[in-house]
2 protein chains.
Amino acid sequence: MKKESNITIHDIAKALNISGSTVSRALNDNSRISEKTKKAVRDMAKQLGYQPNALASNLRTSCTKTIGVIIPRISRFFFSSAITGIEELARTRGYSVIICQSNDQESREVDCTKTLFASRVDGVISSIAINTVNFDHYKTFTSRNIPLVFFDRVCDELETSQVVVDDFKGGFLAAEHLISKGCKRIAHLGGPQHLNIYINRLQGYLKALRKHDFEIEEDLIIESLLTREDGKEGAKRLLDSPNRPDAIFAANDISALSIILYAKEIGLRIPEDLAVVGFSNEPFSEFVSPSITTIEQSGFDVGTKATELLLDIITNKTGNHQETIVLPVKLIERESSNR
Amino acid sequence: MKKESNITIHDIAKALNISGSTVSRALNDNSRISEKTKKAVRDMAKQLGYQPNALASNLRTSCTKTIGVIIPRISRFFFSSAITGIEELARTRGYSVIICQSNDQESREVDCTKTLFASRVDGVISSIAINTVNFDHYKTFTSRNIPLVFFDRVCDELETSQVVVDDFKGGFLAAEHLISKGCKRIAHLGGPQHLNIYINRLQGYLKALRKHDFEIEEDLIIESLLTREDGKEGAKRLLDSPNRPDAIFAANDISALSIILYAKEIGLRIPEDLAVVGFSNEPFSEFVSPSITTIEQSGFDVGTKATELLLDIITNKTGNHQETIVLPVKLIERESSNR
DNA sequence: CTGTTAGCGCCTTCAT
DNA sequence: ATGAAGGCGCTAACAG
């Protein structure tokens, strides 16, 4: 279906009896155009209701002022707030944003790269799907020198810049907090161990345990997928056991939620019977507040930082440097009772 | 900055000693091209790593296969799930989606319409900002015959199709549920009364009260903005009062959350001391589960339905019919205790 | 079935 | 300080 005929720069040109090129330059604030002409052009543009056709301009300049984003799912708060951060900064720098969801599936992620490439985005920000093991599809960008920045769930195989939060420290703080509360047997309900973030959270936890000479009990460390069902499975395995732990560090909000709900289901009080620290984001913590302590990460900050990095690469074009930015985490204590 | 030179259909044409148009047609699966040629073209395309340039195609056809979405904020679950619904359907129909956030500000919403128009979207789906009172910016689309569909927060002033949930019924069910539980004085913490959704929720509530011959107490009906702070204000006004209500219907999740948190703060038990029904979305209900009963609406369904409507208009082009679709709500009971 | 031609709206040399 | 001309990559007539 066709659009109605629109006002083009030539209509403005005709109305003013000047050439199209002059209009184009005037609109782009080219220095070689007199102020008077510029003003005349701008006025006429407004009068005619001219709206630039980005398509034509992009085709010509092969630069779309658009950045593409690939994320697992927009409905997870961490990612939607990352997008808010991305959009906000991008907009102030004159860029718009195209979002693609991989739904945490590698095949969809491949589609995303195709879509974004077809849209000729100037750069890409991505957080990989949970089951992505092959990264060839990202070569669509790297091989063509289209800047690429990963955030949160990153890919070390590709030599790109990345923005992550300090997951290791988060895991460390979580475990040490529980230790300081007097907990004796601290479990870990973690995430898939091929993802950098869950590796680091687990390692941080282990470091804290070792530092305080805690015994590391293999069966208190559970790897769970990021689904409600699997989370409940994990919670059961930990809490139904006859000698269950007195504390749990949950590596993501789904795990934390699963723990909380199942604990409630079997009548355990938090934190009296079971102390919980979750790795989480703002709204979650507010909802479960004041029941558990959380390690907070800001999706917004991560998004902003990633965009800053990407736009630097796009505009400076100083060759894809391979920079890694680590953002801090914060422990937010909400449990009132000391144990 | 320029992109590297890319493979075009002409490269394929040259390699195969055929014309560019033939390649174009083969790639678009035109019926007038022989299977043999098609296959040859596809093979060569793959071999050369050809990636279509959507920009050029769009410019030519003046049809971008893109729909624009304007929403208040992506980080609210209702909207992010709506987007998931929109994207999913759009993708299967070959469309991609551009998202713009108004941040619940009219001025930003105006910017969004400009951005989307410049991208030459084929249609627009929008949910209006909380303070939008003037709708002229939408004429960018209507005047140019670009299909426009509103969802959830709709604008009756413009003659467009719209998709809403049954807010009236939701309000009615909420109040009637509380009545059936034996509550005697049911308050309403509602939203801005210039938005259709909050008007309808309030009206539904009033209808239920009248039906059961309840006295309508003006000071139990509070209009609140959709912020955490204002929600707490409202909660205070209702709960600090010496003769406080024994039940509250909260018109959105922020209100519900405010009530729950403040009730907890002053030591009220839910639902024993205070019954609460919230108008809400999935994750919220899961988090606060099992403490309150909720009226559930599915952002995903709303998004899907709006997209269906929009794509119909785009493809049929049967003139912008003005259809209104009302999706059902469900009451999900979670309180265990009868009062 | 396939090739030729023209042009979508804009920007950018090159000329004046 | 401005015009003229060409082309970005693709597709839609119109011819065969």
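Residue numbers begin at 1 in each chain, while the letters A, B, ... track the order of the sequences. Below, all heavy atoms of this structure are taken into account, side chains as well, without hydrogens, waters or symmetry copies. Note that the structure is predicted; figures quoted are calculated from it, not measured.
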Please work out if A/Asp11 contacts a base, only the sugar-phosphate, or nothing of the nucleic acid, heavy-atom cut-off 4.0 Å.
nothing
Measuring to OP1 and OP2 of D/dC8, would you say a side-chain N or O of A/Ser62 lies under 4.0 angstrom away?
no
Under a 4.5 Å cut-off applied to non-hydrogen side-chain atoms, are B/Arg73 and B/Asn103 in contact?
yes
Separation of atom NZ in B/Lys39 from atom P in C/dC1, rounded to whole Å
18 Å
B/Asn196 (side chain) donor-acceptor with B/Asp152 (main chain) under 3.5 angstrom:
yes
Whole-Å distance separating the CD1 atom of B/Ile18 from the P atom of D/dC10:
14 Å
Kindly state whether the ring of B/Phe150 and the ring of B/Tyr138 have centres lying under 6.0 angstrom apart.
yes
Tell me: CG of A/Leu59 to C1' of C/dC11, nearest whole Å?
10 Å
Is the shortest side-chain N/O distance from B/Asn58 to OP1 or OP2 of D/dC10 below 4.0 Å?
no
Expressed in angstrom and rounded to an integer, what is the separation of A/Arg120 atom CZ from C/dC10 atom C1'?
18 Å
Does A/Thr37 put a side-chain nitrogen or oxygen below 4.0 Å from OP1 or OP2 of D/dT2?
yes
B/Ile9 CD1 to D/dC8 P, straight-line distance once rounded to whole Å
12 Å
Would B/Arg153 pass as a cation-pi partner of B/Phe151, given that its NZ or CZ must be under 6.0 Å from the six-membered ring centre and within 45 degrees of the axis?
no
Considering heavy-atom distances to DNA chain C, does A/Thr22 or B/Ile33 have its closest nucleotide positioned more toward the 5' end?
B/Ile33
Expected list for residues 46-55 of chain B near DNA chain D, using heavy atoms below 4.0 Å, is B/Tyr50, B/Pro52, B/Asn53
Lys/Arg-Asp/Glu bridge criterion (N-O < 4.0 Å) met for B/Glu35, B/Arg42:
yes
Under a 4.0 Å N-O cut-off, is there an ion pair linking B/Arg108 with B/Asp111?
no
B/Thr140 side chain reached by B/Lys114 side chain, heavy atoms, under 4.5 Å
no
In whole angstrom, give the distance that lies between atom CG of A/Leu16 and atom C1' of D/dA1.
15 Å
Starting at atom NE2 of B/His10, determine the distance to atom P of D/dC10, rounded to an integer number of angstrom.
7 Å
Is it true that the NZ or CZ of A/Arg144 lies under 6.0 Å from the centre of A/Phe141's six-membered ring and within 45 degrees of the ring axis?
no
Whole angstrom is fine here: how far is it from CG in A/Asn30 over to P in D/dA1?
10 Å
Detail all sub-3.5 Å separations between protein N/O atoms and N/O atoms belonging to nucleotides 4-6 of chain D.
| from | atom 1 | to | atom 2 | distance (Å) |
| --- | --- | --- | --- | --- |
| D/dA4 | N7 | A/Ser21 | OG | 3.3 |
| D/dA4 | N6 | A/Ser21 | OG | 3.1 |
| D/dG6 | N2 | A/Arg60 | NH1 | 2.6 |

So, is A/Ser24 close to the C/dC11 phosphate, meaning a side-chain N or O under 4.0 Å from OP1 or OP2?
yes
Does D/dT11 have its OP1 or OP2 closer than 4.0 Å to a side-chain nitrogen or oxygen of B/Thr61?
no
How sharply is the helix from C/dC1-D/dG16 to C/dT16-D/dA1 bent, taking the axes over five pairs at either end and rounding to 10 degrees?
40°
Tell me which of B/Arg32 and A/Ser31 sits closer to the 5' end of DNA chain D, going by the nucleotide each one is nearest to.
A/Ser31
Short side-chain to backbone donor-acceptor contact, B/Asn131 and B/Glu106, under 3.5 Å
yes
Tell me if a side-chain donor or acceptor on A/Asp43 pairs with a main-chain N or O of A/Ala40 at a distance below 3.5 Å.
no
Min side-chain heavy-atom separation A/Arg120-B/Asn53 under 4.5 Å
yes
Return yes if some donor-acceptor pair links the side-chain N/O of B/Asn28 with the main-chain N/O of B/Asn30 below 3.5 Å, else return no.
no
